[in-house]
Protein chains: 2
Amino acid sequence: MVKITDVARHAGVSPSTVSYALSGKRPISEETRQRVEASIRELGYRPHAGARALASSRSNVLALVVPLRTGIHVPVVMQFAVSVVTTARRHDHDVLLLTQEEGEEGLRRVADTALVDALILMDVQLDDPRLPLLRSLDRPSVMIGFPAEADGLTCIDLDFKAAGELCVEHLAQLGHRVVALVGSPPEVYVRQTAFAQRVVQGFTAATDRNGLASTVHPCEAAPAAARRVAEQLLREQPALTGVVVHNEAVLEPLIDAFEQLGLRVPGDLSVTAICPDELAESLRVPVTSIALPSAEVGERAVELLMRKLAGDDVPEATLLPPRLTRRASTAPRDTP
Amino acid sequence: MVKITDVARHAGVSPSTVSYALSGKRPISEETRQRVEASIRELGYRPHAGARALASSRSNVLALVVPLRTGIHVPVVMQFAVSVVTTARRHDHDVLLLTQEEGEEGLRRVADTALVDALILMDVQLDDPRLPLLRSLDRPSVMIGFPAEADGLTCIDLDFKAAGELCVEHLAQLGHRVVALVGSPPEVYVRQTAFAQRVVQGFTAATDRNGLASTVHPCEAAPAAARRVAEQLLREQPALTGVVVHNEAVLEPLIDAFEQLGLRVPGDLSVTAICPDELAESLRVPVTSIALPSAEVGERAVELLMRKLAGDDVPEATLLPPRLTRRASTAPRDTP
DNA sequence: TTCCCCCGTCGAAGCGCTTCGACGTCACGC
DNA sequence: GCGTGACGTCGAAGCGCTTCGACGGGGGAA
């Protein structure tokens with residue numbers, strides 16, 4: 001193994017000069033740097049990661065904790081992970097993969113052994129048990145999603161309120177005047193994360209602002225429930241022409257139910273959803289939708305961490321603007 | 001930060017004794033060990049990963065290289081990654097996530113900087129450009145899949161030949177006498193990996209052994225091609241009652257085509273496939289299938305690496321036995 | 001009893017790097 | 001002409017751990 005002293009000898013300088021030439025932490029004459037770099041190339045020198053970590057107390061590794069829970073959309077997780085790795089590499093960092101399964105002990109382990117410099121957590125719950133731990137660790141972290149109480153921590157996620165609003169604005173612009181929101185199962189509004197409520201807030205704010213008639217319906221994650229909600233909707237709002245769905249599990253059954261009830265999508269009814277693109281695209285009628293921008297979330301999460309590692313202050317909350325993709329399920333209202 | 005000297009002082013022993021108590025590399029009296037362990041708990045000691053890596057030239061980290069190519073089934077990759085992490089943890093190792101994108105340079109980097117002790121590569125191609133590199137690295141590796149020439153390297157994968165045989169045996173046991181294999185697109189038999197050919201070998205061996213009439217049809221990954229193959233099949237083998245499909249993309253269209261041609265599955269035609277369980281389960285008629293056992297592959301890959309790290313010899317090739325899951329698409333032949 | 005060896009422990013020497021203080025040199029301002 | 005920095009470089013001191021050789025003491029064999 002070729003080490004820094006070999007390079008130093010070969011270039012006719014001291015080891016510290018090689019180190020400074022590499023890190024740029026002290027001025028080095030252009031000529032010396034050239035010589036050092038040539039020696040490095042010629043000898044094929046690679047600094048030993050462990051030695052570097054020991055001496056500098058920086059491992060240049062980030063921990064990424066991925067969820068295992070069922071009900072998490074796998075491609076989204078994967079896309080996110082890839083974007084974290086790619087962005088981390090741009091900042092000369094590597095990524096250590098941890099599973100949720102290891103729990104708090106795993107986080108403490110990689111942090112306390114100085115295996116990693118910082119942590120990224122996915123799938124954060126409202127009352128996530130890891131919050132106190134994160135606060136007590138001596139390394140920075142970023143969470144994907146918003147817990148109930150995030151004081152002193154850094155969070156990032158899609159701006160779900162804006163997403164709710166954007167869906168409504170889209171329908172309003174198409175001329176729809178009577179709309180409904182089909183939301184998550186009731187229990188989601190309690191447990192898990194705050195995002196469900198925020199969609200409702202956005203939805204309501206936008207319908208008010210646009211003077212639309214509207215209702216909100218939580219819906220169980222079962223086809224039968226979808227059918228029931230569809231019937232109820234048509235009974236209560238016979239003039240309904242626009243629906244926003246924030247519930248991946250019932251999107252397809254709901255559309256089926258509407259069509260069985262004699263409404264064509266988008267002819268009689270426009271549907272927009274907040275769900276992964278994959279789902280929206282795969283349906284018989286591709287659905288106009290807003291997706292969680294996983295690649296962007298990953299990238300931004302890493303960048304937040306880098307700033308924290310550099311000692312900069314970062315905002316506690318980062319909300320990513322929603323982007324709506326128009327597909328076949330929305331159309332201008334057939335003005336009579 | 002509490003370090004090994006703190007523990008040593010607290011326990012009234014020397015640092016080396018603490019180290020040996022932890023690693024077990026030298027005998028330590030039961031009593032001393034107890035005392036050391038108590039001190040460790042009391043002080044909350046965690047060995048510094050970098051220091052450990054530097055002194056022992058073992059980082060206890062494995063690299064996992066995941067593919068990004070489209071056409072790779074994401075849930076399978078994810079399942080595999082999770083199983084690698086879980087198994088690695090059981091052996092006191094962590095997992096560094098790399099993307100294929102970083103290429104050979106990435107592999108060389110993590111190996112040469114001693115960031116990782118060993119590597120696992122997914123999605124290995126027949127003529128994979130990384131093969132020479134792997135041979136030249138001073139750390140062990142395991143590949144998922146078989147390249148054309150794997151001398152001196154370690155590979156693991158599903159036993160595709162046995163999978164082909166198992167599908168046929170299943171059909172034969174159900175009384176089917178005339179069967180066909182619908183395989184991958186023609187180009188797959190050339191490029192990529194050897195697994196496509198091996199399925200054919202297994203299929204043929206088993207039909208011969210059982211005295212079945214059979215044909216083999218490569219098939220493009222397009223619904224229209226599926227339709228064409230279905231028609232051709234019925235024309236050439238009017239008595240056909242069993243089909244093995246090794247082509248994820250056309251499984252669904254193929255079944256649709258058969259049904260449109262008047263054959264009911266499984267009433268008139270039994271279908272078995274080699275494909276991810278997710279796909280097999282999601283079809284209108286859930287398909288009897290053999291899946292790539294990703295969790296098992298991941299586990300076994302890590303265990304192979306551990307043995308190599310321990311200096312043991314391991315077989316160059318490991319073939320995992322296929323497991324067939326019966327679903328609704330196969331039934332006994334309607335003996336007239 | 002003597003010799004030998006094994007058990008349990010210690011001390012010291014690194015592992016390969018970063019970083020701090022120091023030092024010589026040169027350019028500049030007064 | 002001299003003080004003053006800034007620049008460029010060096011040497012040495014660790015970073016926290018593992019590991020090797022050594023050593024004292026006790027037990028078994030001869």
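Letters A, B, ... mirror the listed sequences (proteins, then strands); counts begin at 1.
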| Nearest-nucleotide pick for B/Ser29, side chain only, options being C/dG16, C/dT9, D/dC17 | C/dT9
| query | So which nucleotide from C/dT19, C/dC17, D/dG16 ends up closest to the side chain of A/Ser56? | reply | C/dT19
| field | side-chain contact (heavy atoms from CB on, under 4.5 Å) against B/Ala49, all qualifying residues, sequence neighbours excluded | value | A/Thr113, A/Leu115
| task | Could you list the residues that satisfy side-chain contact (heavy atoms from CB on, under 4.5 Å) with B/Ser39, not counting sequence neighbours? | result | B/Val7, B/His10, B/Ala11
What does the list of N/O pairs under 3.5 Å between the protein and nucleotides 10-14 of chain D look like, with a distance for each?
from   : atom 1 : to      : atom 2 : distance (Å)
D/dC10 : OP2    : A/Ser14 : N      : 2.8
D/dC10 : OP2    : A/Ser14 : OG     : 3.3
D/dC10 : OP2    : A/Thr17 : OG1    : 2.4
D/dC10 : N4     : A/Arg26 : NH1    : 3.4
D/dG11 : N7     : A/Ser16 : OG     : 3.4
D/dG11 : O6     : A/Ser16 : OG     : 3.1

Rounding to an integer number of Å, can you tell me how far [X] [atom1] sits from [N] [atom2]?
| X | N | atom1 | atom2 | result |
| --- | --- | --- | --- | --- |
| B/Ile28 | C/dC6 | CD1 | C1' | 14 Å |
| B/Asn60 | D/dC17 | CG | P | 14 Å |
| A/Arg33 | D/dC7 | CZ | P | 13 Å |
| A/Leu54 | C/dC17 | CG | C1' | 8 Å |
| B/Asp112 | C/dG16 | CG | C1' | 15 Å |
| B/Arg52 | C/dC15 | CZ | C1' | 15 Å |
| A/Glu31 | D/dT9 | CD | P | 8 Å |

Residues 295-305 of chain A side chain polar contacts: donor-acceptor under 3.5 Å, at least two apart:
from     : atom 1 : to       : atom 2 : distance (Å)
A/Glu296 : OE1    : A/Arg323 : NH2    : 2.9
A/Glu299 : OE2    : A/Arg90  : NH2    : 3.4

Sequence neighbours excluded, which residues qualify as side chain to side chain donor-acceptor pair (under 3.5 Å) partners of [X]?
| X | answer |
| --- | --- |
| B/Ser16 | B/Ser14 |
| A/Thr318 | none |
| A/Ser59 | A/Asp117 |

| Overall bend - the helix from C/dT1-D/dA30 to C/dC30-D/dG1, comparing terminal axes fitted on five pairs, nearest 10 degrees | 30°
| field | Within residues 128-154 of chain A or reaching into it, pairs that qualify as salt bridge (Lys or Arg N to Asp or Glu O under 4.0 Å) - sequence neighbours excluded | value | A/Asp128-A/Arg130
| remark: Residues at least two apart in sequence or cross-chain that pass ring-ring contact (aromatic ring centres under 6.0 Å, His included) with A/Phe160, listed by chain then number, are A/Phe195, A/His246
| said: Filter on side-chain hydrogen bond (donor to acceptor under 3.5 Å, both in side chains), then keep only pairs touching residues 45-57 of chain A, sequence neighbours left out; what's left? | reply: A/Arg46-B/Glu105
| note | The answer to which of B/Glu30 and B/Ala51 contacts DNA chain C further toward the 5' end, by nearest nucleotide, is B/Glu30
| message | With rounding to the nearest 0.5 angstrom, report the CG to CZ distance, B/Asn60 to B/Arg89. | response | 9.0 Å
| side chain to side chain contact (heavy atoms under 4.5 Å, CB included) between A/Leu119 and A/Val110, worked out | CA-CA 9 Å; A/Leu119 307 98; A/Val110 297; 4.2 Å; yes
| query | Which of residues 36-49 of chain B sit near DNA chain C, with a heavy atom under 4.0 Å from it? | reply | none
| query | NA contact type, A/Thr32, heavy-atom cut-off 4.0 Å: base, sugar-phosphate, or nothing? | reply | sugar-phosphate
| request: Answer with base, sugar-phosphate or nothing: what part of the nucleic acid does A/Ser19 contact at a heavy-atom distance below 4.0 Å? | output: base
| query | So, is A/Lys25 close to the C/dT19 phosphate, meaning a side-chain N or O under 4.0 Å from OP1 or OP2? | reply | yes
| Is the shortest side-chain N to carboxylate O distance from B/Asp6 to B/Arg9 below 4.0 Å? | yes
